[in-house]
Amino acid sequence: MHPGAWWLWSLALGTAATRTTNPLLLALLITVSAYVVATRRPHTPWSRSYGAFVRLALAVLLIRLAFALTLGSPIPGTHVLLALPEAPLPHWAQGIRLGGEVTAEALTFALYDGLRLATLLLCVGAANALASPSRLLKSLPGALYELGVAVVVALTFAPHLIADVQRLRAARRLRGRPDKGVRGLLHVGLPVLEGALERSVALAAAMDARGYGRTAEVPPAVRRTTAALTLGGLLGVCAGTYGLLAAEGGAYGLPVLLAGVAAALAGLWLGGRRTLRTRYRPDRWDMRAWLVAASGAAVAALLALAASRDPAALHPGVVPLVAPTLPLWPAAAVLIGLLPAFLTPGPEAANTRKEPT
């Protein structure tokens with residue numbers, strides 16, 4: 001499976017999460033992404049990152065509720081749950097309060113808002129757990145070649161640094177020497193830095209011998225056009241994304257976003273002409289990749305349509321406080337995101353056979 005398809009599917013689910021504050025729909029989005037991760041996550045070290053994103057999402061939700069408790073909320077409410085001691089603030093801090101009455105409406109609003117952000121984080125975590133970072137960087141366009149090489153080198157060196165630290169600390173413990181504190185840090189850190197420097201010099205020599213960093217001659221007009229298209233496209237993508245996320249920018253958001261994406265792609269295509277390289281075993285964008293990306297895009301499009309046609313169902317009110325209900329056809333639209341769990345091949349079995357020593 002092409003790693004870009006997983007990222008498009010995950011980002012589309014995250015876009016769908018931004019269109020609603022209904023906790024039932026958000027919980028359904030979390031369930032869909034978690035099920036696909038559980039069934040299609042490969043047996044690799046980087047695929048275990050989903051647990052870290054789950055903890056981060058829980059922390060974000062708790063922090064949002066803590067802010068609502070201590071700093072108050074602009075949402076008016078009549079159901080007072082508890083009254084905290086309120087600290088007086090100067091006149092220039094009007095609009096901010098510390099403590100005071102905590103209402104059920106304010107906590108419910110904070111819960112809905114924090115759950116939406118937590119869902120977005122979990123969707124990004126699903127992409128990190130499903131898509132191989134090295135294969136994704138290998139699929140970058142030629143204009144981002146140098147950036148991809150730098151990130152690959154950084155991702156390769158980080159595990160080596162951790163392994164060196166663990167090896168040196170174990171060696172010092174076996175010799176009865178301290179491996180903690182300032183003294184232990186100095187005795188462990190210096191050999192690690194020395195080894196990293198030697199490894200960097202060796203890698204630079206190997207890359208130079210293999211022709212890394214070669215660029216083709218490009219006319220100045222093409223370079224200026226490439227820079228203008230890329231910069232303008234990125235600005236258009238930012239403005240269009242803001243328009244789609246903001247309530248008042250729905251009219252111009254999509255056209256500006258499409259124009260920005262087209263300009264950025266044209267700039268990347270022109271920038272790729274100055275990079276001479278070939279890909280070893282490139283990932284093919286096949287029909288399954290199209291179906292995976294289309295399933296996520298369908299969820300985002302249908303949730304955006306539901307938010308415009310029935311905003312009350314996707315944004316349950318908190319004043320007055322009412323129980324959220326599960327809208328049927330938006331919930332059925334979210335279930336389309338489960339298609340990758342059945343269309344893509346399962347992960348390869350982990351190799352548990354140990355080599356003889």
Side-chain angles (χ1 to χ4, degrees), residues 1-66 110-140 148 151-152 154-156 158-159 162 241 244-245 283 288-289 291-300 303 333-348 350:
M1 176 57 60
H2 197 284
W6 286 124
W7 271 100
L8 290 177
W9 172 81
S10 302
L11 292 178
L13 290 187
T15 304
T18 62
R19 314 308 295 180
T20 179
T21 56
N22 191 319
L24 301 179
L25 287 177
L26 293 175
L28 190 59
L29 281 169
I30 293 174
T31 304
V32 167
S33 63
Y35 180 78
V36 175
V37 169
T39 56
R40 291 298 179 262
R41 178 172 57 179
H43 302 286
T44 53
W46 46 263
S47 64
R48 305 190 189 101
S49 62
Y50 190 73
F53 279 90
V54 171
R55 292 189 289 270
L56 179 61
L58 290 176
V60 166
L61 185 58
L62 293 177
I63 291 173
R64 183 66 180 88
L65 291 175
L111 176 64
Y112 292 172
D113 195 34
L115 187 60
R116 179 169 58 177
L117 182 55
T119 306
L120 181 59
L121 289 173
L122 289 176
C123 292
V124 176
N128 281 273
L130 292 169
S132 171
S134 58
R135 288 174 53 198
L136 180 64
L137 291 171
K138 186 178 69 173
S139 303
L140 287 176
V151 175
V152 167
L155 292 177
T156 304
I162 297 174
T241 304
L244 288 178
L245 297 179
D283 290 310
R288 289 182 303 187
L291 291 175
V292 168
S295 64
V299 174
L303 262 292
V334 173
L335 294 179
I336 299 176
L338 286 173
L339 288 178
F342 306 99
L343 297 176
T344 58
E348 297 180 359

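We're numbering straight along the sequence, starting at 1.
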Just so I know, are the side chains of Y50 and N128 near enough to count as touching, which here means a heavy-atom distance under 4.5 Å?
no

Quick one: are L56 and L122 in side-chain contact, heavy atoms under 4.5 Å?
no

Using modelled atom types only, decide if a donor and an acceptor are shared between the side chain of W9 and the backbone of S295 within a distance under 3.5 Å.
no

List for me each residue that meets side-chain contact (heavy atoms from CB on, under 4.5 Å) alongside A110, sequence neighbours excluded, and say none if there are none.
R64, L65, A68

Output all residues satisfying side-chain contact (heavy atoms from CB on, under 4.5 Å) with L343, sequence neighbours left out; order by chain, then residue number.
L291, L339

Where the side chain of R288 meets the backbone of T344, is there a donor-acceptor pair that is under 3.5 Å apart?
no

Looking at CG of N22 and CG of L26, how far apart are the two atoms once the value is rounded to the nearest 0.5 Å?
7.0 Å

Does T20 reach the side chain of Y112, with side-chain heavy atoms less than 4.5 Å apart?
no

Name each donor-acceptor pair under 3.5 Å that joins a side chain in residues 28-38 to protein atoms two or more places apart or in another chain, with its distance.
from : atom 1 : to  : atom 2 : distance (Å)
T31  : OG1    : A27 : O      : 2.8
S33  : OG     : L29 : O      : 3.3
S33  : OG     : I30 : O      : 3.0

Are the side chains of D113 and R116 in contact, using a 4.5 Å heavy-atom criterion?
yes

Would you compute the distance between atom CG of L61 and atom CG of L111 and round it to the nearest 0.5 angstrom?
6.0 Å

Rounded to the nearest 0.5 Å, what separation is found between the CG atom of L115 and the OG1 atom of T119?
4.5 Å

With a 4.5 Å limit on heavy-atom distance, are the side chains of P340 and W6 in contact?
yes

